[in-house]
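Below, all heavy atoms of this structure are taken into account, side chains as well, without hydrogens, waters or symmetry copies. Order of the sequence lines sets the chain letters (A, B, ...), proteins ahead of strands, with each chain counted from 1.
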Number of protein chains: 2
Amino acid sequence: MSFIMYKAYLCKTNATMISKTCEYAIRATLFIAQKSLDDARTGIKEIARNIDSPEAFIAKILQELGKAGLVLSAKGPNGGFYIDDRGMNNTLADIILAIDGDKLFTGCGLGLKTCSDKKPCPLHDEFTAIRQQIKNMMQGAKIGDFRNSLALGEKFLRR
Amino acid sequence: MSFIMYKAYLCKTNATMISKTCEYAIRATLFIAQKSLDDARTGIKEIARNIDSPEAFIAKILQELGKAGLVLSAKGPNGGFYIDDRGMNNTLADIILAIDGDKLFTGCGLGLKTCSDKKPCPLHDEFTAIRQQIKNMMQGAKIGDFRNSLALGEKFLRR
DNA sequence: ATAATAAAAGACATAATTATCCTTTATTAT
DNA sequence: ATAATAAAGGATAATTATGTCTTTTATTAT
């Protein structure tokens, strides 16, 4: 006996807290951080393979992360991406801000441009609280914090 | 003296907790609920005007909400959309589920399909907690709850 | 019955995001 | 110096989400 399952909802919409681009950015950064533990540089191919992303796309994203100072890179043989001690203190909030901007931390839950404390949407207070919590969580999450659990195989970056 | 401001981030990404489509859906539903207070039906033009959305687009969305049983509709003269007492007990979670699916409530924060308690991404526990909180908030927010504050002009649906 | 109204349905168009490709520039090893 | 390597940069393509238009169906008032 077998069942066919149907989704009960439409869902051609895009609603993720963090954009796909930014997800790749975070996964790549955490992977580079892990590799940088023993001063090793890692290249685009290796990164793409290990975080399960398209090569060309993560290359583009890494350019942005480089401009934002969140990863370092070196061209040529033995080149690649790496993160120094200073970079290990950057947070997930920094990555999110660099790629997605601040909408995760500040926007109105109903997409109202004029939503504010004075002219609140019906969800204003609830969303304000939740966003603040997310912000705290992301600002508290340093890149370096994840290295050990990743290296030990307690946490994972591939799907 | 004047300044030109530049955004410090890229941001060609999409990262909203709730899709634009779903935002319209919520705003429309709350507006219809408000109108339904005194048994009045409201049409697409009026809805679009009051929630500041494209007419044709909200029409499409209302079809989905109708199929999902979240709003009722009647064709012809004096027709329009309305919500009955039963419908007033539906929650924002129901609308979100009907339009965006359950990704807001369940997805991995880093977009990993295999993320789970057993094979967690580095943000697994934090995201699980936050999503649960959002879910609670949305499941607790009944459509009918918003009617009064909207009618009194304490809360707003237009941008 | 007929005309007018308003939502349902389906096809189509636009815009935004995600993804790819190709050339250029910088660096290293020979 | 030269060839090989690897990231940077720029242009373009594919996909997905958002938005529009036109026809059909159901209902109501005349």
Would you mind reporting whether Ser53(B) and Glu23(B) have side-chain heavy atoms less than 4.5 Å apart?
-> no
Roughly how many Å is it from CD1 in Ile44(A) to C1' in dT5(D), rounded to a whole number?
-> 12 Å
Quick one: stems involving DNA chain D, counted as three or more successive Watson-Crick or G-U pairs, both distances short of 3.5 Å.
-> C:1-30 with D:1-30
Between P of dT18(C) and CD1 of Ile51(A), the distance in whole Å | 14 Å
Under 3.5 Å donor-acceptor, Asp100(B) side chain and Ser19(B) backbone = yes
What is the distance, rounded to the nearest whole Å, between atom CG of Leu72(B) and atom P of dA6(C)?
-> 18 Å
Residue closer to the 5' end of DNA chain D, Gly76(A) versus Gly66(A) (nearest nucleotide) | Gly76(A)
Test item: side-chain donor near acceptor, Asn136(A) and Gln132(A), under 3.5 Å | yes
Glu55(A) side chain reached by Arg49(A) side chain, heavy atoms, under 4.5 Å = no
N/O donor-acceptor pair under 3.5 Å between Arg147(B) side chain and Gly144(B) backbone | yes
Under 3.5 Å, which protein N or O atoms sit close to an N or O of nucleotides 20-25 of chain D? Give each pair with its distance.
from, atom 1, to, atom 2, distance (Å)
dT25(D), O2, Lys75(B), NZ, 3.3

Spacing between Ile61(A) atom CD1 and dT20(C) atom P, to the nearest angstrom | 11 Å
Would you classify Gly80(A) as touching base, sugar-phosphate or nothing, given that sugar-phosphate means primed atoms plus P, OP1 and OP2, and contacts are heavy atoms under 4.0 Å?
-> sugar-phosphate
Would you say a side-chain N or O of Tyr24(B) is under 4.0 Å from OP1 or OP2 of dG19(D)?
-> yes
Gap between atoms CD and C1', on Glu64(B) and dA9(C) respectively (whole Å) = 11 Å
Would you call Met138(A) and Thr91(A) a side-chain contact if the rule is heavy atoms closer than 4.5 Å?
-> no
Rounding to a whole Å, what distance do you find between Gln63(A):CD and dA19(C):C1'?
-> 14 Å
Starting at atom CG of Leu70(B), determine the distance to atom P of dA7(C), rounded to an integer number of angstrom.
-> 18 Å
Across the strands shown, which category fits Leu62(A) at heavy-atom distances under 4.0 angstrom: base, sugar-phosphate, nothing?
-> nothing
Do the side-chain N or O atoms of Asn78(A) get closer than 4.0 angstrom to the phosphate oxygens (OP1, OP2) of dA29(C)?
-> yes
Would you indicate what Ala74(B) reaches in the nucleic acid, counting non-hydrogen atoms under 4.0 angstrom: base, sugar-phosphate, or nothing?
-> sugar-phosphate
Given dA16(C), is OP1 or OP2 found less than 4.0 Å from the side-chain N or O atoms of Lys20(B)?
-> no
From NZ of Lys45(B) across to P of dA7(C) the rounded distance in Å is 9 Å
Identify whether Ile99(A) and Leu72(A) are in the same connected component of the hydrophobic contact network (ILVMFWY, side-chain heavy atoms under 4.5 Å).
-> no
Taking OP1 and OP2 of dA8(C), is either one under 4.0 Å from a side-chain nitrogen or oxygen of Ser73(B)?
-> yes
Just checking Lys67(A): base, sugar-phosphate only, or nothing, at a heavy-atom cut-off of under 4.0 Å?
-> sugar-phosphate
Can you tell me if Asp125(A) and Thr128(A) form a side-chain donor-acceptor pair at under 3.5 Å?
-> no
Do Arg41(B) and Tyr82(B) meet the cation-pi criteria used here (NZ or CZ under 6.0 Å from the six-membered ring centre, within 45° of the axis)?
-> yes
